[in-house]
Amino acid sequence: MLMRIFVALIIIIAIAVGIFALVLPRDQLVKLIVFRDFFDVTLPILAFGALVKYLCTCCHHHNHCHDKKD
């Protein structure tokens, strides 16, 4: 349930920033550019961390990961 609230919040923020980018005058768009620069730097780092976590963890939702096949 908490994950759904988090995802909904992120989607709402993304839509709001997109609307602000269309509506705000050019001189106020500088504030949005700061967010863009922040995400340009952080997204590759987060993506690499997610990839390492995905590759180094076993799936926990399926019981067949730890089953031995004889």
Side-chain angles (χ1 to χ4, degrees):
M1 181 67 181
L2 186 62
M3 186 59 77
R4 288 185 182 192
I5 294 171
F6 177 72
V7 170
L9 181 68
I10 294 298
I11 291 172
I12 290 170
I13 291 171
I15 291 171
V17 170
I19 291 172
F20 288 148
L22 294 174
V23 175
L24 289 177
R26 295 250 183 221
D27 58 336
Q28 293 181 352
L29 285 177
V30 174
K31 295 176 183 175
L32 290 178
I33 293 172
V34 172
F35 287 115
R36 187 198 66 186
D37 293 340
F38 173 76
F39 285 112
D40 283 345
V41 172
T42 58
L43 284 179
I45 296 168
L46 291 173
F48 179 74
L51 176 66
V52 169
K53 180 181 177 189
Y54 174 75
L55 293 174
C56 294
T57 58
C58 180
C59 55
H60 296 286
H61 299 288
H62 304 288
N63 291 332
H64 68 273
C65 287
H66 299 290
D67 291 343
K68 293 181 180 178
K69 293 186 179 183
D70 294 316

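Each residue takes its place number in the sequence, starting with 1.
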J.: Could you check whether any side-chain heavy atom of Phe6 comes within less than 4.5 Å of a side-chain heavy atom of Leu2, counting everything from C-beta outward?
T.: no

J.: To the nearest 0.5 Å, how far apart are CD1 in Ile19 and CG in Leu24?
T.: 11.0 Å

J.: Report yes or no: do Leu43 and Leu51 belong to one cluster of Ile/Leu/Val/Met/Phe/Trp/Tyr joined by side chain heavy-atom distances under 4.5 Å?
T.: no

J.: Is there a path from Val41 to Phe48 through hydrophobic residues (I, L, V, M, F, W, Y) whose side chains come within less than 4.5 Å of each other?
T.: no

J.: Between CG of Leu9 and CD1 of Ile13, what distance do you get to the nearest 0.5 Å?
T.: 4.0 Å

J.: Should Ile10 and Val7 be regarded as members of a common hydrophobic cluster, given that ILVMFWY residues are connected when their side-chain heavy atoms come within less than 4.5 Å of each other, either directly or indirectly?
T.: yes

J.: Would you give the length of the straight line joining atom CZ of Phe38 to atom CG of Asp40, rounded to the nearest 0.5 angstrom?
T.: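 Spacing of CZ (Phe38) from CG (Asp40) equals 11.0 Å.
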
